[in-house]
Amino acid sequence: MTTLNYYFDETKAHKPFVGSRPANPGSFPPANATREAPPEGEGQWPCLVGGGWVLMEDHRGEKGYVDRQPHEIKEVGPYPGGWETELVPTAEELKAQAESECLGRL
């Protein structure tokens, strides 16, 4: 049986899994790898936290809005604060739209 190194991105705080490669016989894993296989989960991605794999939410590639600004999620983890999938008009925007429609009818 081939021993594998399971690599993680140590530049990220949550150290997401990035891939695996066969290990050299008799070697130790490099600093950015472990020999423990990561778990799998739908809609989740393995990350090395506290020396062990945990599954974190994976929303990468989803597009929406954060604080009313367009945003695409590029990192593993929960939705960012202020996340919306649709822009719901604010009270001020609704008022301005209503005033515009009323004035347009005059």
*So among Lys63, Arg60, Glu62, which one has a side-chain contact (heavy atoms from CB on, under 4.5 Å) with Glu72?*
Lys63
*Do Leu55 and Trp45 share a hydrophobic cluster, counting only Ile, Leu, Val, Met, Phe, Trp and Tyr and linking them when any side-chain heavy atoms are less than 4.5 Å apart?*
no
*Let me see the working for Lys12 and Glu75 under side-chain contact (heavy atoms from CB on, under 4.5 Å), right down to the final yes or no.*
CA-CA 9 Å; Lys12 308 276 193 255; Glu75 298 292 333; 3.2 Å; yes
*Find out whether Asp58 and Gln44 are in side-chain contact, i.e. whether some heavy atom of one side chain is under 4.5 Å from a heavy atom of the other.*
no
*asked:* Surrounding CZ of Arg21 (heavy atoms of other residues, nucleotides or ligands, distance under 6.0 Å), is the total greater than 12?
replied: no
*Does any non-hydrogen side-chain atom of His71 lie less than 4.5 Å from one of Pro80?*
yes
*Donor on one side chain, acceptor on other, Glu57 and His59, under 3.5 Å*: yes
*Is there a path from Val76 to Val49 through hydrophobic residues (I, L, V, M, F, W, Y) whose side chains come within less than 4.5 Å of each other?*
yes
_A side-chain contact here means heavy atoms from C-beta on lying under 4.5 Å apart; do Thr3 and Pro22 qualify?_
no
_Full working for side-chain contact (heavy atoms from CB on, under 4.5 Å) between Met56 and Cys47_ = CA-CA 7 Å; Met56 295 184 75; Cys47 296; 3.5 Å; yes
*Could you walk me through whether Asn5 and Arg35 pass side-chain contact (heavy atoms from CB on, under 4.5 Å), step by step?*
CA-CA 5 Å; Asn5 287 324; Arg35 298 270 165 90; 2.6 Å; yes
*Could you state the interatomic distance from CG (Leu48) to CG (Asn32), rounded to the nearest 0.5 Å?*
10.5 Å
*Side-chain contact test, heavy atoms from C-beta onward, threshold under 4.5 Å: evaluate it for Thr85 versus Tyr65 and give yes or no.*
no
_Qualifying ring pair (Phe, Tyr, Trp, His ring centres under 6.0 Å) pairs, either residue in residues 1-21, two or more places apart_ = Phe17-Trp53
